[in-house]
K.L.:
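Sharing a structure here in structure tokens format.
The basis for the numbers below is simple: all heavy atoms, side chains too, and nothing from hydrogens, waters or symmetry mates.
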Amino acid sequence: MSTSKKLVLLAGNIGSGKTSLTRLLGQKLGWKTAFESVSDNPYLPAFYRDMKTWSFHLQVYFLGSRAEQHCKLAACPEPAIIDRSIYEDAFIFARALNAMGNLNQTDYETYLNLYQLVIDGLPKPDLLIYLKAPVSELMQRIQIRARAIESGISQEYLELLNRYYEEWTDQFDICPMLSIESGDLDFVHQPKHLDIVIKKILERLMGKEELHLP
């Protein structure tokens with residue numbers, strides 16, 4: 001199955017299924033895929049030891065790496081999908097760091113100015129897929145996959161991120177958006193659920209829609 005050149009971005013909270021869906025869509029549709037840079041991120045270890053000192057550095061690193069990834073996949077001739085959007089860094093994660101006192105207001109505003117300069121020069125994606133799930137489901141998935149780097153993630157933090165995601169997606173207008181309840185659709189283990197998601201994506205939805213089980 002193929003389609004004309006499209007750039008699709010996935011967005012969603014930790015544990016919402018972004019990486020799994022990116023991988024499955026790449027395999028099923030033959031799309032080029034790109035994943036979040038974690039293992040080769042030079043700031044993450046220091047960030048988790050001392051968030052107040054390294055939050056600004058980490059956010060700037062992510063901004064640069066995501067912009068590079070975005071441009072590269074936008075320029076490639078085949079359809080492509082990225083497992084986290086550059087837009088989330090500013091409106092979800094940097095905002096959360098600021099709210100929790102780990103990114104001071106001066107650094108936060110400096111980051112937002114830099115962010116705006118960067119995204120103003122980026123080609124617009126064709127679709128943003130927003131994966132939603134209740135915090136209880138996110139916590140369960142995080143516990144099952146048992147990544148050491150995620151061991152300190154709390155329910156309160158996920159609730160804060162979920163709230164920010166809802167506020168952000170309500171105002172998102174850069175491109176069409178498809179909202180998927182990933183707690184209802186088990187696209188990893190149920191092929192028919194993956195087929196539902198693929199059908200919606202290939203219809204090139206315009207605007208925001210909610211996707212639930214039929």
Side-chain angles (χ1 to χ4, degrees), residues 1-14 16-44 47 54-97 103 107-131 161 164-165 168-169 171-180 197-198 200-208:
M1 188 181 297
S2 64
T3 187
S4 59
K5 167 62 186 179
K6 296 290 181 182
L7 177 61
V8 177
L9 307 181
L10 275 173
N13 207 337
I14 303 164
S16 60
K18 297 180 303 300
T19 300
S20 295
L21 184 55
T22 299
R23 175 177 51 81
L24 289 168
L25 291 174
Q27 293 172 353
K28 190 82 170 181
L29 299 175
W31 288 4
K32 190 173 182 63
T33 57
F35 299 91
E36 188 170 22
S37 174
V38 174
S39 61
D40 59 345
N41 188 315
Y43 291 105
L44 271 179
F47 169 76
W54 294 101
S55 285
F56 180 75
H57 303 74
L58 180 68
Q59 289 304 122
V60 170
Y61 173 83
F62 272 132
L63 181 63
S65 64
R66 292 196 208 286
E68 181 180 16
Q69 191 178 63
H70 186 112
C71 290
K72 181 178 179 180
L73 268 71
C76 73
E78 62 264 49
I81 185 164
I82 304 176
D83 87 329
R84 188 183 290 285
S85 76
I86 190 172
Y87 312 112
E88 293 161 86
D89 277 345
F91 294 101
I92 311 300
F93 294 98
R95 183 183 177 190
L97 288 170
L103 184 63
D107 285 348
Y108 182 47
E109 292 175 2
T110 299
Y111 167 79
L112 289 178
N113 288 335
L114 180 60
Y115 163 84
Q116 192 62 51
L117 287 171
V118 170
I119 66 163
D120 283 347
L122 294 181
K124 290 185 178 182
D126 296 285
L127 181 68
L128 178 83
I129 302 171
Y130 170 41
L131 296 182
L161 296 183
Y164 287 172
Y165 268 109
W168 171 60
T169 53
Q171 303 296 322
F172 185 81
D173 61 359
I174 294 173
C175 70
M177 183 173 72
L178 173 63
S179 182
I180 298 175
V197 174
I198 289 175
K200 288 294 182 179
I201 293 171
L202 295 182
E203 287 174 352
R204 302 172 192 174
L205 293 173
M206 299 301 295
K208 180 178 178 182

K.L.:
State, yes or no, whether a side-chain contact exists between Tyr87 and Leu9 at a heavy-atom distance under 4.5 Å.
P.N.:
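Yes, side chains in contact.
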K.L.:
Let me confirm one number: the CD-CG distance from Gln59 to Asp107, rounded to the nearest 0.5 Å.
P.N.:
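Going from CD on Gln59 over to CG on Asp107, the span is 11.0 Å.
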K.L.:
Applying the side-chain hydrogen bond (donor to acceptor under 3.5 Å, both in side chains) criterion to Glu88, which one of Trp168, Tyr130, Tyr165 satisfies it?
P.N.:
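The residue from Trp168, Tyr130, Tyr165 that satisfies side-chain hydrogen bond (donor to acceptor under 3.5 Å, both in side chains) with Glu88 turns out to be Tyr165.
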K.L.:
Does the side chain of Lys18 reach to within under 4.5 Å of the side chain of Leu131, using non-hydrogen atoms?
P.N.:
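Result yes, sub-4.5 Å side-chain heavy-atom pair found.
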K.L.:
To the nearest 0.5 Å, how far apart are SG in Cys71 and CD1 in Ile86?
P.N.:
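Answer for the SG-CD1 pair, Cys71 versus Ile86, is 8.0 Å.
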K.L.:
Using modelled atom types and a 3.5 Å cut-off, is there a donor and acceptor pairing between side-chain atoms of Ser16 and backbone atoms of Asn13?
P.N.:
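Flag set: sc Ser16 to bb Asn13 pair under 3.5 Å.
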K.L.:
Are the side chain of Asp126 and the backbone of Val8 linked by a donor-acceptor contact shorter than 3.5 Å?
P.N.:
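Answer holds: no.
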K.L.:
Using modelled atom types only, decide if a donor and an acceptor are shared between the side chain of Arg84 and the backbone of Gly12 within a distance under 3.5 Å.
P.N.:
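Yes.
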K.L.:
Can Leu7 and Ile82 be said to form a side-chain contact (heavy atoms from CB on, under 4.5 Å), step by step?
P.N.:
CA-CA 8 Å; Leu7 177 61; Ile82 304 176; 4.2 Å; yes
K.L.:
Who pairs with Asn113 by side-chain hydrogen bond (donor to acceptor under 3.5 Å, both in side chains), at least two apart in sequence or on another chain?
P.N.:
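Not a single residue meets the side-chain hydrogen bond (donor to acceptor under 3.5 Å, both in side chains) criterion with Asn113.
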K.L.:
Starting at CD1 of Ile92, measure out to CG of Leu161 and round the result to the nearest 0.5 Å.
P.N.:
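Result: 7.0 Å between the selected atoms.
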K.L.:
Within the structure provided, determine whether Asp120 and Gln116 are in side-chain contact (heavy-atom separation under 4.5 Å).
P.N.:
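Yes; the side chains approach each other to less than 4.5 Å.
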K.L.:
Is a side-chain N or O of Gln69 found less than 3.5 angstrom from the main chain of Phe35, in a donor-acceptor match?
P.N.:
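A pair under 3.5 Å: yes.
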K.L.:
At what distance, to the nearest 0.5 angstrom, does CG of Leu127 lie from CD1 of Ile174?
P.N.:
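Rounded to the nearest 0.5 Å, the CG-CD1 separation comes out at 13.0 Å.
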K.L.:
Heavy atoms only: give me the nearest Asp89-Leu63 pair and the separation to one decimal.
P.N.:
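What the structure gives for the nearest pair is OD2-N, 4.2 Å.
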K.L.:
Taking only residues two or more places apart in sequence, or in another chain, which ones meet Tyr164 in a ring pair (Phe, Tyr, Trp, His ring centres under 6.0 Å)?
P.N.:
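Testing Tyr164 for ring pair (Phe, Tyr, Trp, His ring centres under 6.0 Å), a comparison that skips the adjacent residues, returns none.
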K.L.:
Over all heavy atoms of both residues, which pair between Tyr111 and Ala94 is shortest? Give the atoms and the distance, please.
P.N.:
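Taking every non-hydrogen atom into account, CE2-CB, 3.6 Å.
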K.L.:
I need the Leu21 CG to Ile81 CD1 distance, nearest 0.5 Å.
P.N.:
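Rounded to the nearest 0.5 Å, the CG-CD1 separation comes to 5.5 Å.
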K.L.:
So which heavy atom on Asp40 is nearest to which on Tyr61, and how close?
P.N.:
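Heavy atoms of Asp40 and Tyr61 come nearest at O-OH, 3.7 Å.
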K.L.:
Can you tell me if His70 uses its side chain to pair, donor with acceptor, with the backbone of Pro123 under 3.5 Å?
P.N.:
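Yes, His70 side chain to Pro123 backbone: donor-acceptor pair under 3.5 Å.
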K.L.:
For the atom pair CG (Asn41) and CG (Leu58), what is the distance rounded to the nearest 0.5 Å?
P.N.:
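Nearest 0.5 Å value for the CG-CG distance: 5.5 Å.
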K.L.:
Taking ring pair (Phe, Tyr, Trp, His ring centres under 6.0 Å) as the test, write out the residues that go with Tyr115, two or more places apart.
P.N.:
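Tyr115 satisfies ring pair (Phe, Tyr, Trp, His ring centres under 6.0 Å) with Phe91 once adjacent residues are dropped.
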K.L.:
Heavy atoms only: give me the nearest Leu128-Ser85 pair and the separation to one decimal.
P.N.:
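Of all heavy-atom pairs spanning Leu128 and Ser85, the closest is CD1-CB, 4.0 Å.
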K.L.:
Check the pair Phe62 / Glu36 against side-chain contact (heavy atoms from CB on, under 4.5 Å), numbers first and verdict last.
P.N.:
CA-CA 9 Å; Phe62 272 132; Glu36 188 170 22; 4.0 Å; yes
K.L.:
For Ser55, check side-chain hydrogen bond (donor to acceptor under 3.5 Å, both in side chains) against everything at least two apart and list the hits.
P.N.:
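Listed in chain order: nothing, the list is empty.
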K.L.:
Looking at residues at least two apart in the chain, or sitting in another chain, which of them share a side-chain hydrogen bond (donor to acceptor under 3.5 Å, both in side chains) with Glu109?
P.N.:
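Listed in chain order: Gln105.
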K.L.:
State whether the number of non-hydrogen atoms from other residues, nucleotides or ligands found under 6.0 Å of Glu78 atom CD is greater than 12.
P.N.:
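It does: Glu78 CD has more than 12 such atoms within range.
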K.L.:
Suppose we screen for salt bridge (Lys or Arg N to Asp or Glu O under 4.0 Å). Which residues come up paired with Asp83, at least two apart in sequence or across chains?
P.N.:
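Salt bridge (Lys or Arg N to Asp or Glu O under 4.0 Å) list for Asp83, sorted by chain: empty.
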